[in-house]
Amino acid sequence: MITVAEALDHLFALAAPLEVERVPLLDAEGRVLAEPVAARRDQPPFPASAMDGYAVVEAIPGATLTVIGESAAGHGFDGAVSAGQAVRIFTGAPVPPGAARIVIQEDVTRDGDRITIGTNLDENAYIRSAGTDFRSGDRVEAPRRLTPQDIALLASMNIPEVPVRRRPVVALISTGDELVMPGEEPGRDQIIASNTFGLHALLRQLGAKPRLLPIAHDNVASLETVLGLAEGADLVITIGGASVGDHDLVAQVAAGMGMERAFHKVAMRPGKPLMSGQLGGAMMIGLPGNPVSAMVCGHVFVAPVIRAMLGLPKAPTPRSRAPLAAPLGANGPREHYMRARLDASGLTAFERQDSSLLSVLGAANALIVRPVSDGARAAGDIVDYIAL
Ligand SMILES: Nc1nc2c(c(=O)[nH]1)N[C@H]1C(S)=C(S)[C@@H](COP(=O)(O)OP(=O)(O)OC[C@H]3O[C@@H](n4cnc5c(N)ncnc54)[C@H](O)[C@@H]3O)O[C@H]1N2
Ligand code: MOO
């Protein structure tokens, strides 16, 4: 069995960044910017007022000035201001040449076209110089996943379209005679397919395009048919049938269809029967069927693969560190991803860690990562975890 780190290296070797496509800014949220983008203008493009008030050369307390015109946002004043004069100005409007500061209207009394400057002045100049936000040519660097804040910045830079990585198309295949879809009537020995749904949601969150294929039965012909339907996907994910039982046929069938296997079995818990390889033009990952195993492998392996396909750095799912709120026994020979709850007192692993328990996974907000052969841990010890 290989380690989790070795498995990730194999997966990264198979996961190439996808092509670049251009999308309108309105469709760019959550997409991964593929190339740096440069601002097409300065912002603000002119010195702009930060307040409603009067643009003046100098603000002498008690002085009286003549208002010679108005500068509003979108309609600047056509001229300059000289000593003894003021231009009525509003937030965002161009500051006329000659003006050195804005006196806010709260500090002024007005009588017709005359203003008198108050004696207790707010000293701020309230002028935003041209380019204080960004200059033409300033860059938004790539790769980065675009946030709503990034979209606002790019719009301000006058960039209507951005280059992003194509979303990876991921075929999701559940395998097993015992499975029916949610909403269907299960037979006596049947259960509901849950893993495909959890992974579908995870893949969407990661920015992939999941395609749910029909459930494959536990026989060679059915598996071949459904794997055939995955044609055109960038990544094929099978769920279940990965272990050693008589009906665990995924590795055998995939091999028969020409899969070049990179590895099968990883020293982790849950998730041991994980496999991966190259199947035709697609990368393939075979996930274990136990529901928690499939979801944990989704976070630990599928997520980094999708990020790599999107052109983000090839890196494990980020870990954080926190103290244990309760002690933990020693770990065995497999890296253990323990379902846990993180709150103000620290991390508490759930009592029940069986890999079939989706109710426990659903209650967890963290996976404590126990290294191979980690000794017993006391409350207060700092450990690694993955946030869920
Ligand atoms: N003798 C051994 N038995 C098992 C071993 C082993 O090393 N030796 N490994 C165990 C481990 S660890 C895991 S994990 C499971 C995984 O096996 P498979 O990948 O072959 O999964 P299945 O046998 O098909 O299913 C396991 C379990 O999960 C349920 N399942 C499967 N798919 C779904 C789905 N899409 N949605 C919901 N539930 C699903 C299935 O009904 C089974 O209950 O093998 C152990 N056995
Ligand atoms: O590795 Mo299995 O995934 O422990 O339940």
Side-chain angles (χ1 to χ4, degrees), residues 1-4 7 170-184 186-203 210-220 222-223 226-227 229-230 236-255 259 261 263-277 284-302 331-339 349-350 352-362 364 367-370 372 386:
M1 266 190 288
I2 61 173
T3 65
V4 169
V170 183
L172 273 175
I173 303 172
S174 270
T175 72
D177 291 347
E178 76 280 27
L179 301 174
V180 297
M181 295 292 264
E184 285 179 7
R188 196 191 61 182
D189 299 333
Q190 289 188 305
I191 61 165
I192 312 298
S194 56
N195 298 344
T196 21
F197 285 77
L199 288 160
H200 190 276
L202 178 66
L203 286 161
R211 261 173 48 197
L212 219 58
L213 296 189
I215 294 169
H217 294 292
D218 288 320
N219 62 68
V220 173
S222 176
L223 275 166
V226 182
L227 278 169
L229 294 175
V236 179
I237 296 181
T238 60
I239 303 154
S243 189
V244 294
D246 297 347
H247 306 283
D248 295 334
L249 300 170
V250 170
Q252 179 198 320
V253 171
M259 181 180 81
R261 187 196 287 174
F263 64 85
H264 188 180
K265 292 202 172 69
V266 179
M268 72 184 291
R269 199 169 139 211
K272 182 179 67 174
L274 184 81
M275 74 178 95
S276 182
M284 178 183 164
I285 298 179
L287 297 179
N290 274 327
V292 175
S293 315
M295 289 308 292
V296 167
C297 288
H299 285 282
V300 175
F301 297 110
V302 176
N331 188 32
R334 294 194 270 157
E335 194 162 292
H336 195 178
Y337 292 78
M338 302 184 80
R339 280 67 79 197
F350 286 95
R352 298 188 304 154
Q353 291 288 330
D354 186 275
S355 62
S356 66
L357 304 175
L358 279 179
S359 55
V360 174
L361 183 65
L367 295 171
I368 298 174
V369 186
R370 306 289 310 279
V372 170
I386 291 173

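Start at 1 and go down the list; that is how both ligands and their atoms are numbered.
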_Partners meeting side-chain hydrogen bond (donor to acceptor under 3.5 Å, both in side chains) with S356 (sequence neighbours left out)_ =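 Listed in chain order: D354.
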
*Looking only at heavy atoms, is any part of V244 under 4.0 Å from ligand 1, and if so is it the side chain, the backbone, or both, or is it neither?*
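Just the side chain.
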
_D248 contact mode with ligand 1 (heavy-atom cut-off under 4.0 Å)_ =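 The side chain, only.
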
*Hey, mind stepping through D177 and H247 against side-chain contact (heavy atoms from CB on, under 4.5 Å) and telling me if it holds?*
CA-CA 10 Å; D177 291 347; H247 306 283; over 6 Å; no

Ligand-residue contact atoms, ligand 1 with [X], heavy atoms, under 4.0 Å:
X    : result
I192 : 37 (C)
S293 : 14 (S)
A242 : 18 (P), 19 (O), 20 (O)
S174 : 35 (N)
I191 : 38 (N), 41 (O)
K272 : 6 (C), 7 (O)
L179 : 32 (N), 33 (C), 34 (C), 35 (N), 39 (C)

*Taking only heavy atoms of the protein into account, state which residues are under 4.0 angstrom from an atom of ligand 2, in chain and number order.*
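Heavy-atom contacts below 4.0 Å: P270, G271, K272, P273, N290, S293, R334, S355.
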
*Is there side-chain contact between M259 and V236, with heavy atoms separated by less than 4.5 Å?*
no

*Does some side-chain heavy atom of T3 sit less than 4.5 Å from a side-chain heavy atom of V266?*
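No - every pair of side-chain heavy atoms lies 4.5 Å or more apart.
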
*What's the shortest heavy-atom distance between I173 and A230, and which atoms?*
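That closest heavy-atom pairing would be CD1-CB, 4.5 Å.
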
*Closest to atom 16 (C) of ligand 1 (judged by heavy-atom distance), picking from G240, P182, G289*: G289

*P273, A251, S243, G198: member with heavy atom nearest to atom 12 (S) of ligand 1*: P273

Would [X] count as a contact residue for ligand 1, given that I'm defining contact as a non-hydrogen atom of the residue lying under 4.0 Å from a ligand atom?
X    : answer
P291 : yes
S194 : yes
I215 : no
A193 : yes

Distance to 0.1 Å, residue and atom name: give those for the protein heavy atom nearest to [atom].
atom                    : answer
atom 24 (O) of ligand 1 : G241 N, 2.9 Å
atom 14 (S) of ligand 1 : N290 ND2, 3.4 Å
atom 34 (C) of ligand 1 : N195 ND2, 3.2 Å
atom 42 (C) of ligand 1 : E178 OE2, 4.2 Å

In Å, rounded to the nearest 0.5 Å, how long is the span from [atom1] of [X] to [atom2] of [Y]?
X    : Y    : atom1 : atom2 : answer
L274 : H264 : CG    : NE2   : 8.0 Å
T238 : M284 : OG1   : CE    : 3.5 Å
I239 : I215 : CD1   : CD1   : 9.5 Å

*Verify side-chain contact (heavy atoms from CB on, under 4.5 Å) between L287 and N195, making sure each step is shown before the conclusion.*
CA-CA 10 Å; L287 297 179; N195 298 344; over 6 Å; no

*Go through the steps to decide whether L361 and L358 satisfy the test side-chain contact (heavy atoms from CB on, under 4.5 Å), and finish with yes or no.*
CA-CA 5 Å; L361 183 65; L358 279 179; 4.1 Å; yes

*Quick check: does any side chain N or O of Q252 sit under 3.5 Å from a backbone N or O of L249, one acting as donor and the other as acceptor?*
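Not a single qualifying donor-acceptor pair exists.
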
_Under a 3.5 Å distance rule, please check whether N331 uses its side chain to pair with a backbone N or O of R370 as donor and acceptor._
yes

*Might you confirm whether atom CZ of R334 has over 12 heavy atoms from other residues, nucleotides or ligands at distances under 6.0 Å?*
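Yes, enclosed.
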
_side-chain contact (heavy atoms from CB on, under 4.5 Å) for V226 and H217? Distances and angles first, verdict last._
CA-CA 9 Å; V226 182; H217 294 292; over 6 Å; no

*Which one of R339, H336, M338 satisfies the side chain to side chain contact (heavy atoms under 4.5 Å, CB included) criterion with I368?*
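It is M338; the other options fail the test.
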
